[in-house]
Amino acid sequence: MDKLLLDKFTANDFDLYYALVSNEQVMARITERAIPYEEAMEEFQALLANNALHNRFGQFKLIERQSGIFVGLGKLEVTEEAAFSAELGYSLLPQYWGNGLGTEAARQLIEIARSEKQLKTLTAIIDPANVASRKILTNQGFISKRLFNYDGLPAEFLELNFTKAEFISNKPSALGFMR
């Protein structure tokens with residue numbers, strides 16, 4: 001059974017979002033700084049607009065199934081409804097690090113992506129120094145494509161290509177789709 005429930009952020013969830021993005025430990029590997037309230041509010045409005053693009057893609061609250069507690073954010077972000085590629089991302093509150101929840105979030109997000117036949121690739125951008133995140137992604141089949149600077153910070157671009165062979169298997173996925 002899945003450890004996490006994924007539920008899209010709604011207009012009522014700003015406090016949860018802000019608890020995550022204002023946390024210095026969380027943001028140290030993303031923006032190298034906690035996001036101030038006004039900026040977080042602007043980013044949250046953009047998040048909500050992105051969530052409206054597609055019913056299956058967007059940014060999700062990660063909820064621990066047993067406790068019902070918010071533990072972080074997961075995203076499958078597209079730039080248009082008919083996109084062929086999505087960006088995968090996840091971040092957890094520090095008290096939930098090291099419990100396999102990052103792996104669980106990535107796995108569930110990949111399952112959603114695989115169930116949408118329009119997607120051909122998933123991408124991810126991480127801080128190359130974030131060894132745990134890199135391990136989660138490479139264990140899920142992502143391949144490092146290049147190192148670059150993103151907003152003046154070191155970044156690594158990883159990619160997971162969905163091939164026809166990945167959809168043709170006799171093993172059902174966790175969502176009940178054949179893969």
Side-chain angles (χ1 to χ4, degrees), residues 4-64 67-97 101-113 116 118-119 121-130 132-134 136-137 142 145-160:
L4 295 173
L5 295 171
L6 278 62
D7 187 27
K8 272 192 173 184
F9 279 94
T10 67
N12 297 326
D13 296 321
F14 177 74
D15 290 345
L16 298 174
Y17 175 79
Y18 187 64
L20 188 70
V21 301
S22 66
N23 186 297
E24 289 183 17
Q25 285 180 279
V26 171
M27 299 310 289
R29 297 279 189 204
I30 300 171
T31 60
E32 291 191 348
R33 65 178 179 84
I35 298 177
Y37 186 86
E38 302 331 343
E39 185 179 342
M41 184 63 85
E42 288 176 25
E43 288 188 7
F44 188 70
Q45 294 308 311
L47 175 157
L48 294 175
N50 185 265
N51 275 0
L53 281 179
H54 194 285
N55 66 336
R56 297 279 313 240
F57 302 138
Q59 297 199 36
F60 302 86
K61 297 175 286 188
L62 302 177
I63 308 294
E64 190 177 50
S67 66
I69 294 173
F70 173 78
V71 300
L73 174 150
K75 76 174 182 175
L76 275 176
E77 190 171 51
V78 294
T79 56
E80 59 186 44
E81 185 178 2
F84 295 108
S85 181
E87 182 181 350
L88 181 137
Y90 45 82
S91 53
L92 299 170
L93 291 166
Q95 61 266 38
Y96 301 102
W97 293 353
L101 296 179
T103 297
E104 176 70 15
R107 184 191 62 74
Q108 286 190 41
L109 291 164
I110 291 167
E111 289 293 329
I112 292 168
E116 293 293 320
Q118 77 186 54
L119 284 186
T121 59
L122 280 180
T123 61
I125 298 172
I126 63 167
D127 177 341
N130 189 340
S133 194
R134 188 174 202 290
I136 288 169
L137 292 169
F142 277 79
K145 293 294 191 174
R146 71 181 189 279
L147 297 173
F148 66 105
N149 281 324
Y150 186 75
D151 288 340
L153 301 172
E156 182 175 5
F157 180 85
L158 297 99
E159 186 176 77
L160 175 64

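Only heavy atoms go into these numbers, but all of them, side chains included; no hydrogens, no water, no symmetry mates. Computed from a predicted structure; not experimentally measured.
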Any side-chain heavy-atom pair from L20 and L93 closer than 4.5 angstrom? yes
Which heavy atom of L47 sits nearest a heavy atom of Y17, and at what distance? CD1-CE1, 3.7 Å
Contact check, side chains of L88 and L137, non-hydrogen atoms, under 4.5 Å: yes
Rounded to the nearest 0.5 angstrom, the CD1-CD1 distance for I30 and I126 is 11.5 Å
Which heavy atom of R33 sits nearest a heavy atom of P36, and at what distance? NH1-CD, 3.3 Å
Nearest 0.5 Å please: distance from the OG1 atom of T31 over to the CG atom of D127. 10.5 Å
Could you pull out the closest heavy-atom pair between A11 and F44, with the gap in Å? O-CE2, 4.0 Å
Mind listing the closest non-hydrogen atom pair of N23 and A19 along with its distance? CB-O, 3.6 Å
How far does OG1 of T123 sit from CD of E77, to the nearest 0.5 angstrom? 9.5 Å
Side-chain contact, heavy-atom cut-off 4.5 Å: Q108 with F60? no
4.5 Å side-chain heavy-atom contact, L122 and L76: yes
Describe, in one word, how the ring planes of Y18 and F14 are oriented to each other, choosing from parallel (under 30°), tilted (30 to 60°) and perpendicular (over 60°). parallel
State which residues pass ring pair (Phe, Tyr, Trp, His ring centres under 6.0 Å) with F157; sequence neighbours excluded, sorted by chain then number. none
Do Q118 and H54 come within less than 4.5 Å of each other through their side chains, counting heavy atoms only? yes
Applying side-chain hydrogen bond (donor to acceptor under 3.5 Å, both in side chains), can you list everything that pairs with S85, at least two apart in sequence or on another chain? T121
Assess whether atom CD of Q95 is packed by more than 12 heavy atoms of other residues, nucleotides or ligands within 6.0 Å. yes
Heavy-atom side-chain proximity of L62 to L101 below 4.5 angstrom: no
Residues which pass side-chain hydrogen bond (donor to acceptor under 3.5 Å, both in side chains) with T79, listed by chain and number, not counting sequence neighbours: none
Is a side-chain donor or acceptor of Y90 paired with a backbone partner of T103 at a separation under 3.5 angstrom? no
Please identify which of these residues, K61, K8, Q59, meets the side-chain hydrogen bond (donor to acceptor under 3.5 Å, both in side chains) condition with D13. K61
Partner set under ring pair (Phe, Tyr, Trp, His ring centres under 6.0 Å) for Y96, not counting sequence neighbours: none
Gap separating the CD atom of E156 from the CZ atom of F148, nearest 0.5 angstrom: 9.5 Å
Determine whether M27 and V21 make a side-chain contact, defined as any pair of heavy atoms from C-beta on separated by less than 4.5 Å. yes
Roughly how far, to the nearest 0.5 Å, is the CZ atom of R146 from the CG atom of L158? 10.5 Å
With F9 via ring pair (Phe, Tyr, Trp, His ring centres under 6.0 Å) - residues at least two apart: none
Could you pull out all residues at least two apart from F70 that satisfy ring pair (Phe, Tyr, Trp, His ring centres under 6.0 Å)? none
Measuring from atom NZ of K145 to atom CD of E159, what distance do you get when rounded to the nearest 0.5 angstrom? 5.0 Å
Work out which heavy atom in A34 is nearest to a heavy atom in S22; give both atom names and the distance. CB-O, 3.3 Å
